[in-house]
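All of these numbers come straight from a predicted model, not from anything done at the bench. If you read the sequence from its start, that first residue is 1, and numbering goes on from there.
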Amino acid sequence: MNSNRQNRTIRHSGVAIAFSLALSVAITLLTVAQSNAQCTEIVSGLRNPLATALTNQGNLLVSETGAPDKPRSGRISMVAPNGHRRTLLRGLPSGKSDVGDPSGPSGIFIRGRTLYLAMGVGDVGIAGPFPGSALENPNGPSSPIFSSILAIHLGAETEKSTNGFTLTRADEETLADGKAVTLSDNHHNQLVIRLVVDFPNFVPAPLPTVPNNIAVSNPYHVVAVDGLDDLLYVTDGGRNLAWQVDLATRSFSPLVQFPNVPNPLFPGLGGPFLQAVPTGIAAFQDSLFVTLLRGAPFPTGASSLEKVDPTTGADTALITGLTDAIDVLPIRSGKYHLVLQFASAGPFFQGPGLLLRFTDPAGPLKVLADCLANPTSMSYNTETDTIYVSELSGSVVAIPFH
């Protein structure tokens, strides 16, 4: 693994998140079995990767939020099983968030030959006068497609031979106007993109001391449910909810609002409540599974995995006592739940990230890997029994599943 891990900061749900990448002895306060797998890095040098998805050709698609101070550095990469990286789409907008970090392409989900991409909040907001507050960017956002969902049609031949497509600012304006954009590459391949829905960039959230405070819409991940072909489901880490998106009408509505919970470290550290901060979302049969990272100061054991009814929004805590859960993946016909933890202990992200396996949500868990540096998402290759995990530092690692 790359030892040159960098300290990063991102923002979820209006809370500044300082990521500690010290990889000393993992502090794990859960009763777990010993790790029995090692991480094998397959690609590095990515630009803050946040999500992955496997195509039916075996390529791993990776969304990259972009590099600091480079406003058009967001992209989607294709990584072959041997680790060879190609650019699929470059020039995606990436704006500096209110805490100074890049925010752009985030969650991705592929169904058939259509890739759905969640665009993060970008530079819609700027830092407020107090921690946890945000104000509208007086200059306006640098892109009209922040806080949206894009649909990208990727032909099979295009996936095999493309050397990459480039999105321009003019293309963004076209998408924002509700029109499709068709891009071409040097091999005469084409990529068709349209904007599915455009969430509100923010809503007013006045505070006693900051009357013009806002809550930004920050789409994090996206998924569909088998049998509900016209619907998508999107977690919003800024608004603490999950959206239901109707593809036929291009409309959206809140499916479930996740409430605050008491902060067990208050009054010693942090405020009286923790925000939900929904991150990963996955579907199995007729249910949605959502990880709640929980907000600052991110105490050990405060995070959870929720089971949500996609038709009613009914929410049940499936697994509690987690720490910084950031993604979930039901595999092998739902026999196992894989849960990805951004860090292994709190507060404020102490120790390495963990890949956990639950055979029974109420039973013991097993650590599959404790060699992760701030993981952000995972995908599972059923043919090779391999789990691919993206890391915020710019890598994707492979972990065998036994």
Side-chain angles (χ1 to χ4, degrees), residues 26 28 30-42 49-54 60-63 107-110 220-226 233 235 278-285 287-294 301 303-308 316-344 351-392 395-402:
T28 306
L30 298 169
T31 303
V32 296
Q34 294 297 314
S35 170
N36 62 3
Q38 295 298 318
C39 301
T40 301
E41 186 178 88
I42 63 169
L50 275 194
T52 60
L54 277 164
L60 188 70
L61 300 177
V62 185
S63 67
I108 55 175
F109 173 76
I110 190 165
Y220 190 86
H221 219 318
V222 57
V223 77
V225 176
D226 290 341
Y233 299 91
T235 51
T279 48
I281 186 169
F284 176 70
Q285 293 182 341
S287 296
L288 294 168
F289 300 89
V290 178
T291 50
L292 301 185
L293 181 74
R294 293 295 177 192
S303 184
S304 66
L305 173 64
E306 307 290 305
K307 184 177 181 179
V308 178
T316 304
L318 185 64
I319 303 172
T320 59
L322 300 170
T323 300
D324 307 326
I326 202 163
D327 202 9
V328 56
L329 193 61
I331 65 172
R332 293 190 179 176
S333 300
K335 180 180 180 181
Y336 302 114
H337 287 81
L338 301 182
V339 176
L340 197 61
Q341 290 193 163
F342 189 80
S344 48
L354 301 177
L355 176 61
L356 309 176
R357 186 191 75 189
F358 292 83
T359 304
D360 180 346
L365 61 88
K366 183 176 183 179
V367 176
L368 296 183
D370 60 3
C371 47
L372 298 166
N374 301 124
T376 54
S377 71
M378 57 183 164
S379 295
Y380 176 56
N381 188 322
T382 58
E383 294 184 0
T384 62
D385 266 345
T386 302
I387 303 160
Y388 294 105
V389 178
S390 59
E391 298 180 305
L392 197 65
S395 300
V396 173
V397 299
I399 301 170
F401 182 77
H402 301 294

What closest approach, in Å, do [X] and [Y] show between heavy atoms, and which atom pair accounts for it?
X: V223; Y: A282; result: CG2-CA, 4.1 Å
X: I326; Y: P375; result: CG2-O, 3.6 Å
X: A53; Y: I108; result: N-CD1, 3.7 Å

[atom1]/[X] to [atom2]/[Y] distance, rounded to the nearest 0.5 angstrom?
X: T52; Y: L60; atom1: OG1; atom2: CG; value: 5.0 Å
X: L293; Y: Q341; atom1: CG; atom2: CD; value: 10.0 Å
X: L354; Y: C371; atom1: CG; atom2: SG; value: 9.5 Å
X: F109; Y: L61; atom1: CZ; atom2: CG; value: 12.5 Å
X: D226; Y: F284; atom1: CG; atom2: CZ; value: 9.5 Å
X: I387; Y: I331; atom1: CD1; atom2: CD1; value: 5.5 Å

- Task: Please identify each residue that fulfils side-chain hydrogen bond (donor to acceptor under 3.5 Å, both in side chains) with S377, with sequence neighbours left out.
- Result: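 Checked S377 against side-chain hydrogen bond (donor to acceptor under 3.5 Å, both in side chains); matches are S390.
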- Test side-chain hydrogen bond (donor to acceptor under 3.5 Å, both in side chains) applied to T235 - qualifying residues, sequence neighbours left out: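 With neighbours one apart ignored, the set is empty.
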- Message: side chain to side chain contact (heavy atoms under 4.5 Å, CB included), that's the test. Do L50 and Y220 meet it? Break it down for me.
- Response: CA-CA 9 Å; L50 275 194; Y220 190 86; 4.0 Å; yes
- So among M378, E391, Q38, which one has a side chain to side chain contact (heavy atoms under 4.5 Å, CB included) with V397?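 Passing option: E391.
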- Y233 pairs by side chain to side chain contact (heavy atoms under 4.5 Å, CB included) with which of V222, L288, V290, V308?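 Only one of V222, L288, V290, V308 forms a side chain to side chain contact (heavy atoms under 4.5 Å, CB included) with Y233, namely L288.
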Taking C-beta and beyond as the side chain, do [X] and [Y] meet within less than 4.5 Å on heavy atoms?
X: I399; Y: C39; value: yes
X: L338; Y: F401; value: yes
X: R357; Y: L355; value: no
X: V328; Y: I319; value: no
X: Y380; Y: L54; value: no
X: L372; Y: L340; value: yes

- Whether T320 side chain and S304 backbone form a donor-acceptor pair below 3.5 Å: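 Judged by distance alone, no pair lies under 3.5 Å.
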- Message: Under a 3.5 Å distance rule, please check whether T386 uses its side chain to pair with a backbone N or O of N381 as donor and acceptor.
- Response: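 No: the side chain of T386 does not pair with the backbone of N381.
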- T291 pairs by side-chain hydrogen bond (donor to acceptor under 3.5 Å, both in side chains) with which of T279, D327, D324?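 Answer to the side-chain hydrogen bond (donor to acceptor under 3.5 Å, both in side chains) test with T291 among T279, D327, D324: T279.
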- Query: With F289, which residues qualify under ring pair (Phe, Tyr, Trp, His ring centres under 6.0 Å), at least two apart?
  - Reply: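 F289 satisfies ring pair (Phe, Tyr, Trp, His ring centres under 6.0 Å) with H337 once adjacent residues are dropped.
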